[in-house]
S.K.: 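Can you read through this structure? Questions will come right after.
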Amino acid sequence: MATVHKINEDLVKERQKCTFNVQELTYLLDGGEEVTKERREFENILRNVKELQDEVPEVYLSHKERYENAVRKTCILQNVRNDFEKKREVLSPRNIFRAGYAVIKDVSPFFLHNGMFVPTIIGQGTPEQQAEWLPKAKAMAIIGTYAQTELGHGTFIRGLETTATYDAKTEEFILNSPKVTSYKWWPGGLGTTVNHCITVAQLYINGKKYGIHPFIVQIRDLETHKPLPGIKVGEIGPKMGFATANNGFLGFQNFRIPRKNMLMKNAQVLKDGTFVKGMNEKLTYGTMVMVRVNIVSDSAFHTAMAATIAVRYAAVRHQSQLKAKEPEVQIIDYLTQQHKLFIAIATSHAFSNTYTWLYQAYLKVVEDLGKQKQDHLPELHALSCCLKATSSRDAGVIVEQCRLACGGHGYMASSNLPIIYGYTTAAITYEGEHTVLLLQTARYLMKAWMSALEGKVLAPSVAYLVDWLKSDKQRWQNTPEVIVKGFQHVAAGKIKDAFDAIQKHVKAGKDYEDAWNLASVQLIKASEAHSRAILCDGYLRETVRTSSSVSPSLAKVLNHLVQLYIVYWTLETAGDLLVYSNIGKDDIAVLKEKYEELLALIRPNAVGLVDAFDISDEILQSTLGSYDGRVYERLMEEAMKSPLNKEPVNQSFHKYLKPFIKKAKL
Ligand SMILES: CCCCCCCC/C=C\CCC/C=C/C(=O)SCCNC(=O)CCNC(=O)[C@H](O)C(C)(C)COP(=O)(O)OP(=O)(O)OC[C@H]1O[C@@H](n2cnc3c(N)ncnc32)[C@H](O)[C@@H]1OP(=O)(O)O
Ligand SMILES: Cc1cc2nc3c(=O)[nH]c(=O)nc-3n(C[C@H](O)[C@H](O)[C@H](O)COP(=O)(O)OP(=O)(O)OC[C@H]3O[C@@H](n4cnc5c(N)ncnc54)[C@H](O)[C@@H]3O)c2cc1C
């Protein structure tokens with residue numbers, strides 16, 4: 001029987017102070033009581049699967065052992081999931097994603113199968129293609145990944161070099177990787193796990209290039225798992241994080257696939273080699289849009305994990321005295337600590353709220369596309385780009401801030417903060433590099449600005465540009481609503497400045513593309529400001545909406561958090577607000593006080609708020625952040641698992657140290 005330990009007394013007191021019902025907030029964050037129950041039930045089943053318990057912590061395993069252990073556990077996880085779903089509902093992707101952490105500890109080698117392979121078949125395949133591959137893929141009779149990036153190109157996908165040349169005689173495509181730079185590089189699971197992949201390649205028919213298209217390709221024998229003739233595949237080696245994701249490389253040499261393997265929902269190649277253009281060639285990029293939307297949710301979760309660890313630790317940890325002769329204080333009582341941590345909690349809420357409406361917008365566009373309507377696609381692309389960029393970047397900063405807030409112990413692998421950081425920081429690059437995505441949004445913003453100048457009606461997310469042109473700047477008030485307007489004024493002002501900078505360079509004789517490059521620092525700043533305005537506006541609106549349907553005590557706390565988020569960003573960007581809005585120095589002074597008041601209001605609820613994220617100890621995997629707060633005991637227990645502590649004298653003493661010391665003595 002597992003030993004039940006006493007909960008740390010500080011945490012007990014913190015939980016007694018909480019002014020709202022933690023469970024009510026958990027249900028809200030999960031999207032309803034049923035979702036929470038389903039999640040907990042599944043996590044509970046996993047907790048009791050003996051084979052999923054690691055005997056040796058993963059950090060002590062070799063690269064190879066770690067991977068093999070991850071595959072072993074992923075297969076068990078998948079079987080448990082299948083059994084669960086046979087009896088009950090299909091688990092929500094978010095619940096599966098969370099539970100995965102309890103099992104894999106890092107990134108699953110199947111991550112791309114569920115994250116991109118299956119969604120691409122759904123999003124890019126015709127009904128016939130879906131009927132052929134989806135049942136097998138969903139049942140994991142075939143395992144796949146998404147192979148787009150190459151050694152030479154990740155961002156500029158029109159420049160991809162893998163070729164798919166149509167042979168009308170045999171009704172096949174011939175895949176080739178002409179140069180070393182054409183090798184696929186990065187896809188998760190590609191190294192040694194998957195037997196299929198979506199390959200994005202340049203289509204050639206009769207010597208003419210038709211741009212990039214997705215192809216479904218079997219790369220390994222289903223029985224022996226050996227690479228098929230014409231395929232060169234392997235693993236790319238250790239990285240900063242993603243230790244068990246099994247990222248791989250892939251090259252083709254005259255590798256033939258049937259015509260039906262080109263995913264043809266958007267564009268088709270007929271038997272005789274006729275190319276039929278789709279409604280919009282950018283629909284080929286559809287899976288990326290979906291994943292960018294999901295990364296906002298992912299960022300919310302990583303921020304919640306880091307906040308849970310750092311807030312619980314800050315409640316347990318005592319260090320230094322505020323006043324002489326008084327006991328050492330809980331570090332959470334230092335205002336600077338609250339400044340580091342409470343924004344982490346609020347940011348997770350901001351991203352969860354943003355994901356809720358962004359995902360609905362995504363579903364609406366998918367529904368419209370089914371009816372051949374694409375009016376909202378450019379706006380969704382612009383929103384998903386800047387919100388993916390900002391949420392992943394903010395999450396990276398916050399996870400690192402939480403690590404620093406844990407002092408030396410935050411640097412321990414057993415705190416789990418290094419793994420969470422490795423994951424979070426990767427998301428800043430993958431699925432569209434940060435700067436590149438901000439520039440995509442900037443492209444949309446420049447067009448929106450031009451339309452605003454021409455008096456056209458704009459899409460809702462940029463409608464503030466019209467208001468800004470029409471009205472004088474609103475009289476400043478330190479209310480959340482007026483501050484959000486202030487963020488919109490900053491965005492509008494920066495968009496105008498970037499636009500004018502481009503025009504100035506063009507007038508001076510530069511090509512538009514060069515003018516764009518010369519203005520690009522201003523363009524990304526405009527995009528970031530737009531993103532912040534969207535985040536604050538959406539978070540505020542969602543909070544107002546939900547506040548009417550929750551208990552008054554919870555509504556109050558949610559209100560404190562959204563205010564904290566908005567005031568925090570006001571103070572962080574005060575310089576911009578002074579330039580572009582009517583805020584005055586005195587308003588900023590008042591907001592500094594307001595910020596300190598909000599920290600004090602949130603303080604008694606801090607532990608309750610992170611408890612409400614309801615992240616189990618198995619998922620958190622942290623000596624510093626466990627529910628019972630046994631920080632020091634756990635640190636010591638984990639240290640004792642080090643192989644170096646298994647023998648009193650390590651052999652290196654006899655081999656190297658002893659002769660070395662002897663020599664030094666002479
Ligand atoms: C809830 C569950 C939680 C689970 C969360 C799990 C999430 C994680 C899942 C999986 C893990 C992922 C691991 C990583 C995977 C990868 O990284 S896969 C590879 C990703 N690669 C990229 O993202 C490449 C980035 N590059 C591009 O997207 C493009 O090359 C580009 C930068 C957009 C440029 O493309 P292009 O040169 O073709 O286009 P432009 O000339 O710049 O623009 C032309 C017009 O097209 C419009 N456009 C561009 N993209 C899109 C799009 N996707 N949709 C719609 N429209 C698009 C663009 O705005 C231009 O329009 P305009 O001419 O009107 O201005
Ligand atoms: C952990 C991880 C997992 C991944 N998984 C997959 C996967 O499963 N499948 C897959 O296909 N890919 C995957 N990728 C690849 C990933 O999508 C690319 O690395 C990413 O899109 C960035 O492309 P890049 O590496 O070519 O960077 P580059 O584009 O070479 O970026 C280098 C620098 O150049 C700048 N830059 C590039 N273009 C421009 C521009 N137009 N304007 C201004 N600046 C520019 C960038 O801002 C950046 O600072 C993964 C990557 C990582 C790190």
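Each residue takes its place number in the sequence, starting with 1. In listed order, ligands and their atoms are each counted from 1.
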S.K.: Need the ligand 2 atom indices (1-based, order shown) with element for anything under 4.0 Å from a heavy-atom of L112.
M.R.: 8 (O)
S.K.: Closer than 4.0 angstrom, basic N to acidic O: yes or no for R39 and D614?
M.R.: yes
S.K.: For the residue pair I257 and L175, establish whether any side-chain heavy-atom pair is separated by less than 4.5 Å.
M.R.: yes
S.K.: Could you label the plane-to-plane angle of the F242 and F111 rings as parallel, tilted or perpendicular, counting under 30° as parallel and over 60° as perpendicular?
M.R.: perpendicular
S.K.: Can an N or O of Q148 be found at a distance shorter than 3.5 Å from an N or O of ligand 2?
M.R.: yes
S.K.: Which part of N247 is near ligand 2, with near meaning a heavy atom under 4.0 Å away: side chain, backbone, both or neither?
M.R.: side chain
S.K.: Tell me: protein heavy atom nearest atom 14 (N) of ligand 2, and distance?
M.R.: W186 CB, 3.4 Å
S.K.: Is it true that F215 and F173 have ring centroids separated by less than 6.0 Å?
M.R.: yes
S.K.: Heavy atoms only: give me the nearest I121-Q130 pair and the separation to one decimal.
M.R.: O-CG, 3.5 Å
S.K.: Would you verify that at least one protein heavy atom lies under 4.0 Å from atom 12 (N) of ligand 2, or report that none does?
M.R.: yes
S.K.: Does a donor on one side chain sit under 3.5 Å from an acceptor on the other, for S182 and E150?
M.R.: no
S.K.: Heavy-atom contacts under 4.0 Å between E431 and ligand 2: side chain, backbone, both, or neither?
M.R.: backbone
S.K.: What short N/O contacts, under 3.5 Å, does ligand 1 make with the protein, listed by atom pair and distance?
M.R.:
unit_1   : atom_1 : unit_2 : atom_2 : d
ligand 1 : 17 (O) : E431   : N      : 2.9
ligand 1 : 21 (N) : Q148   : NE2    : 3.3
ligand 1 : 23 (O) : R292   : NH2    : 2.9
ligand 1 : 23 (O) : G432   : N      : 2.8
ligand 1 : 26 (N) : T155   : O      : 2.8
ligand 1 : 28 (O) : R292   : NH2    : 3.1
ligand 1 : 30 (O) : T155   : O      : 2.7
ligand 1 : 30 (O) : I157   : N      : 3.4
ligand 1 : 37 (O) : R158   : NE     : 2.9
ligand 1 : 37 (O) : R158   : NH2    : 3.0
ligand 1 : 38 (O) : R158   : NE     : 3.2
ligand 1 : 38 (O) : K282   : NZ     : 2.7
ligand 1 : 38 (O) : Y285   : OH     : 2.6
ligand 1 : 41 (O) : R158   : NH2    : 3.3
ligand 1 : 42 (O) : Q440   : NE2    : 2.9
ligand 1 : 50 (N) : H381   : NE2    : 3.3
ligand 1 : 63 (O) : R443   : NH2    : 3.0
ligand 1 : 64 (O) : K447   : NZ     : 2.6
ligand 1 : 65 (O) : R443   : NE     : 2.7
ligand 1 : 65 (O) : R443   : NH2    : 3.4
ligand 1 : 65 (O) : K447   : NZ     : 3.2

S.K.: Give the residue, atom name and distance (to 0.1 Å) of the protein heavy atom nearest atom 10 (C) of ligand 2.
M.R.: T149 OG1, 3.3 Å
S.K.: If hydrogens are left out, which of I428, L439, V436, L151 has an atom nearest to atom 45 (C) of ligand 2, that is, the closest non-hydrogen atom?
M.R.: V436
S.K.: What do you reckon, are the aromatic ring centroids of Y539 and F351 less than 6.0 Å apart?
M.R.: no
S.K.: Please list, chain by chain and in numerical order, all residues satisfying side chain to side chain donor-acceptor pair (under 3.5 Å) with K73, sequence neighbours excluded.
M.R.: D54, E58
S.K.: Charged N to carboxylate O below 4.0 Å: is that the case for E281 and K277?
M.R.: no
S.K.: For ligand 2, is there an N or O atom under 3.5 Å from any N or O atom of G154?
M.R.: yes
S.K.: Heavy-atom distance from atom 32 (C) of ligand 2 to the protein below 4.0 Å?
M.R.: no
S.K.: Do any nitrogen or oxygen atoms of E433 lie less than 3.5 angstrom from nitrogen or oxygen atoms of ligand 2?
M.R.: yes
S.K.: Is the Y359 ring parallel, tilted or perpendicular to the Y362 ring (thresholds 30°, 60°)?
M.R.: parallel
S.K.: Starting from atom 7 (C) of ligand 2, which protein heavy atom do you reach first, and at what distance in Å?
M.R.: P187 CA, 3.4 Å
S.K.: Show me which atoms of ligand 2 lie under 4.0 Å from any heavy atom of F242.
M.R.: 1 (C)
S.K.: If you have a sec, work out which protein heavy atom is nearest atom 20 (C) of ligand 2 and how many Å separate them, to one decimal?
M.R.: T429 O, 3.4 Å
S.K.: Decide whether an N or O pair under 3.5 Å exists between T155 and ligand 2.
M.R.: yes
S.K.: Is there a protein heavy atom less than 4.0 Å away from atom 50 (C) of ligand 2?
M.R.: yes
S.K.: May I ask you to check if ligand 2 and G188 share an N or O to N or O distance below 3.5 Å?
M.R.: yes
S.K.: If only side-chain N and O atoms count, and only distance matters, is there a donor-acceptor pair under 3.5 Å linking Q374 with N280?
M.R.: yes
S.K.: Hey, is atom 26 (O) of ligand 2 touched by any protein heavy atom at less than 4.0 Å?
M.R.: yes
S.K.: Would atom 17 (O) of ligand 2 count as contacted, meaning some protein heavy atom under 4.0 Å?
M.R.: yes
S.K.: Per the salt bridge (Lys or Arg N to Asp or Glu O under 4.0 Å) rule, what does the pair list look like for residues 356-367, sequence neighbours excluded?
M.R.: K364-D368, E367-K371
S.K.: Parallel, tilted or perpendicular: which describes the rings of H302 and Y423, with under 30° parallel and over 60° perpendicular?
M.R.: tilted
S.K.: Please name all residues satisfying salt bridge (charged side-chain N to carboxylate O under 4.0 Å, His left out) with D514, sequence neighbours left out, ordered by chain then number.
M.R.: none
S.K.: Minimum heavy-atom separation for A267 to F275, with atom names?
M.R.: CB-CZ, 3.9 Å
S.K.: Under a 4.5 Å cut-off applied to non-hydrogen side-chain atoms, are T199 and Y146 in contact?
M.R.: no
S.K.: How close does the nearest protein non-hydrogen atom get to atom 9 (N) of ligand 2, and which residue and atom is it?
M.R.: Y146 O, 2.9 Å
S.K.: Could you tell me, atom by atom, which parts of ligand 2 come under 4.0 Å of a heavy atom of T435?
M.R.: 47 (O)
